[in-house]
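Worksheet for the structure shown next.
Values below: all heavy atoms of this structure, side chains included; hydrogens, waters and symmetry mates excluded.
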Amino acid sequence: MSGLKNDRFIRALLKQPVDKTPIWMMRQAGRYLPEYRAVRSQAGSFMDLCTNPELACEVTLQPLERFDFDAAILFSDILTIPDAMGLGLYFSEGEGPRFERPVRTAADIDRLPVPDPELELTYVMDAVRLIRKNLQGRVPLIGFSGSPWTLATYMVEGGSSKSFAKVKGLMYEQPQLMHRMLDKLAQSVAAYLNAQIAAGAQTVMLFDTWGGALATEEYLEFSLRYASQVRSLLNTSCNGQEIPTIFFTKGGGQWLEEMAKTEFTALGLDWQTDINLARARVGSRVALQGNMDPIALYAQPEVIKAKVATILEKYGVGTGHVFNLGHGILPDINPEHVKVMVDAVHDLSVQYHQ
């Protein structure tokens, strides 16, 4: 990819030859880093950090100073779109994200606007532009959004949930209402990701955190259908460069074949999916990203290296693999253990790319 000093990540997504397997990490800018915690404290609150482009840029770049990651990911939150829709996002200590005005009725859904990313979400686009400028072509920048279904779960539940009773209740009892909401969210997500691409994101990722909470029929109808709609609306070419796309459903390993039909460039895998079997099932059609258990990073360095070696061996020879955790890193992981993983991926993967 022109202008990039390290384009290994982009090349692997496009299934082009690479010298070693690229690696980045979900939540790589986050609480496990003391330098992140210092900036977060300076910002005052998590949302104040997200909405300050200079500070968002600073924390996005922090992991690259410490580790040899092959990509940067925009520091933001998946709930920026519902916040821009006027639902009153706030964060409670120990409870995670909450909304002052959850979406429960047809009137609530009809009131939802499709936000203009360059107006209501300018702070995100300004952060993307600033990060691209400061990266100076070091590694590619990943933009992202929550998937329509995942955003809907938070919007209807009013925050996090274990049972998803409210959102599933709406889905089962008033499916047409749910479809109306998801269609509006798909339009909003596509506009948001396209604005990130225009601002400088070189890859975009759709996080379907809660798709795995659904039964197969409902996953296909209410989650995958709208992820596919987002994909069909994306501008996957910008300034003559192809923009790869990544789709990740946590707990979605049983639906890989259906996910591969959506034309995303790559599929993310959680740690419960065997990467060898996943490659056999869909590997020729999409690249694969994943899939080390985040808990393995609590282990001793030799255990971490052995785990990395196993995943690389299971994927096997050739390109099309981006190494990652199977979900986000946990806040109390020792940063030195992250370095062990990153270095092991680069050292041990050379043999699979001769």
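The hydrophobic cluster containing Phe67 also contains Ile73, counting ILVMFWY residues as joined when their side-chain heavy atoms lie under 4.5 angstrom apart, directly or transitively. No path of Ile, Leu, Val, Met, Phe, Trp and Tyr side chains, each step under 4.5 Å between heavy atoms, connects Leu121 with Tyr90, placing them in separate hydrophobic clusters. If you chain together hydrophobic residues whose side chains sit under 4.5 Å apart, Tyr298 and Val342 fall into the same group. By the criterion of side-chain heavy atoms lying less than 4.5 angstrom apart, applied directly or through intervening Ile, Leu, Val, Met, Phe, Trp or Tyr residues, Ile333 is grouped together with Val345 in one hydrophobic cluster. Leu233 and Phe247 fall into different hydrophobic clusters, where Ile, Leu, Val, Met, Phe, Trp and Tyr are joined by side-chain heavy atoms under 4.5 Å apart, directly or via other members.
Annotation: the span from His321 atom NE2 to Ile275 atom CD1 amounts to 3.5 Å, rounded to 0.5 Å. Summarising the geometry, atom CG belonging to Leu87 is positioned 9.5 Å from atom CG belonging to Leu79; distances are rounded to the nearest 0.5 Å. Atom OG in Ser76 sits 7.5 Å away from atom CE in Met47 (nearest 0.5 Å). Of the inter-residue distances, the one linking His337 atom NE2 with Gln300 atom CD reads 5.5 Å to the nearest 0.5 angstrom. For the atom pair CG of Leu55 and CG of Asp48, the computed distance is 9.5 Å after rounding to the nearest 0.5 Å. Atom CD1 of Ile246 sits about 5.5 Å away from atom OG1 of Thr203, to the nearest 0.5 Å.
Side-chain atoms of Thr80 and Tyr123 include no donor-acceptor pair closer than 3.5 Å. Between the side chains of Thr21 and His353, a donor-acceptor pair is found at a separation under 3.5 Å.
The aromatic ring centres of Tyr36 and Phe75 sit less than 6.0 Å apart. With ring centers used as reference points, Tyr154 lies 6.0 Å or more from Phe99.
Two residues are said to be in side-chain contact when any heavy atoms from C-beta on lie closer than 4.5 Å; Leu288 and Arg279 meet this criterion. With contacts defined as side-chain heavy-atom distances shorter than 4.5 Å, the pair Ser237/Glu242 does not qualify. The shortest side-chain heavy-atom distance between Met171 and Leu214 falls under the 4.5 Å cut-off. Proximity of Asn324 to Met26: side-chain heavy atoms (C-beta onward) are separated by under 4.5 Å at one or more points. Using a 4.5 Å heavy-atom threshold, the side chains of Lys5 and Val139 count as separate. Inter-residue side-chain proximity for Tyr32 and Pro63 is flagged as met; some heavy-atom pair is nearer than 4.5 Å. Counting heavy atoms from C-beta on, the side chains of Arg104 and Leu170 never come closer than 4.5 Å. Looking at Leu325 and Leu297, their side chains come closer than 4.5 Å, going by heavy atoms from C-beta outward.
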Can Thr249 and Tyr219 be said to form a side-chain hydrogen bond (donor to acceptor under 3.5 Å, both in side chains), step by step? CA-CA 10 Å; Thr249 294; Tyr219 174 75; 2.8 Å; yes
Would you sort out whether Glu217 and Arg225 count as a salt bridge (Lys or Arg N to Asp or Glu O under 4.0 Å), showing the intermediate values? CA-CA 11 Å; Glu217 293 78 9; Arg225 171 178 168 179; over 6 Å; no
Evaluate the criterion side-chain hydrogen bond (donor to acceptor under 3.5 Å, both in side chains) for residue pair Asn6 and Asp70; output intermediate values, then yes/no. CA-CA 7 Å; Asn6 173 1; Asp70 294 293; 2.8 Å; yes
Where do His179 and Tyr226 land on the ring-ring contact (aromatic ring centres under 6.0 Å, His included) test, with the steps shown first? CA-CA 9 Å; His179 282 303; Tyr226 291 97; 5.8 Å; yes
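Taking the charged nitrogens against the carboxylate oxygens, Lys305 and Asp347 have no contact shorter than 4.0 Å, which rules out a salt bridge. Ionic pairing of Lys339 and Glu336 is not present here: no N-O contact between side-chain nitrogen and carboxylate oxygen is shorter than 4.0 angstrom. Ion pairing of Asp183 with Arg180 is absent here, as no side-chain N (NZ or NE/NH1/NH2) approaches a carboxylate O to less than 4.0 Å. Using a 4.0 Å cut-off between charged side-chain N and carboxylate O, Glu218 and Lys168 make no salt bridge.
No donor-acceptor pair closer than 3.5 Å links the side chain of Arg8 to the backbone N or O of Pro22. Although no hydrogens or angles enter the test, the distance criterion places no donor-acceptor pair under 3.5 Å between the side chain of Gln42 and the main chain of Ala38. The backbone N or O of Leu224 lies less than 3.5 Å from no partner atom in the side chain of Ser228, so there is not a single donor-acceptor pair. No donor-acceptor distance shorter than 3.5 angstrom exists from the side chain of Thr273 to the backbone of Leu269, with no hydrogens or angles considered. In this structure a side-chain-to-backbone donor-acceptor pair under 3.5 Å is present from Glu157 to Lys166.
For Thr150, the side chain to side chain donor-acceptor pair (under 3.5 Å) partners at least two apart in sequence or on another chain are Ser147, Asp208. Remark: Arg138 pairs with Glu65 by the salt bridge (Lys or Arg N to Asp or Glu O under 4.0 Å) rule, at least two apart or across chains.
The minimum heavy-atom distance linking Thr209 with His327 is given by the pair CG2-NE2, 4.1 Å. Here the closest heavy-atom approach between residue Val128 and residue Ala201 is recorded as CG1-N, 3.7 Å. Across every non-hydrogen atom of Arg31 and Pro331, the tightest pair is NH2-CG, 3.3 Å. Considering every non-hydrogen atom in both Ile23 and His346, the closest pair reads CG2-NE2, 3.7 Å. Nearest heavy-atom pair across Ala191 and Pro117 is O-CG, 3.4 Å. Nearest approach of Met85 to Pro115, heavy atoms of both residues: CG-CG, 3.9 Å.
Heavy atoms of other residues, nucleotides or ligands lying less than 6.0 angstrom from CD of Glu173 number 12 at most. More than 12 heavy atoms of other residues, nucleotides or ligands sit less than 6.0 Å from atom NZ of Lys184.
Among the candidates Phe222, Trp149, Phe164, the single residue satisfying the ring pair (Phe, Tyr, Trp, His ring centres under 6.0 Å) test with Trp210 is Phe164. Just one residue in the list Asp83, Asp77, Ile78, Leu89 forms a side-chain contact (heavy atoms from CB on, under 4.5 Å) with Pro97, and that residue is Leu89.
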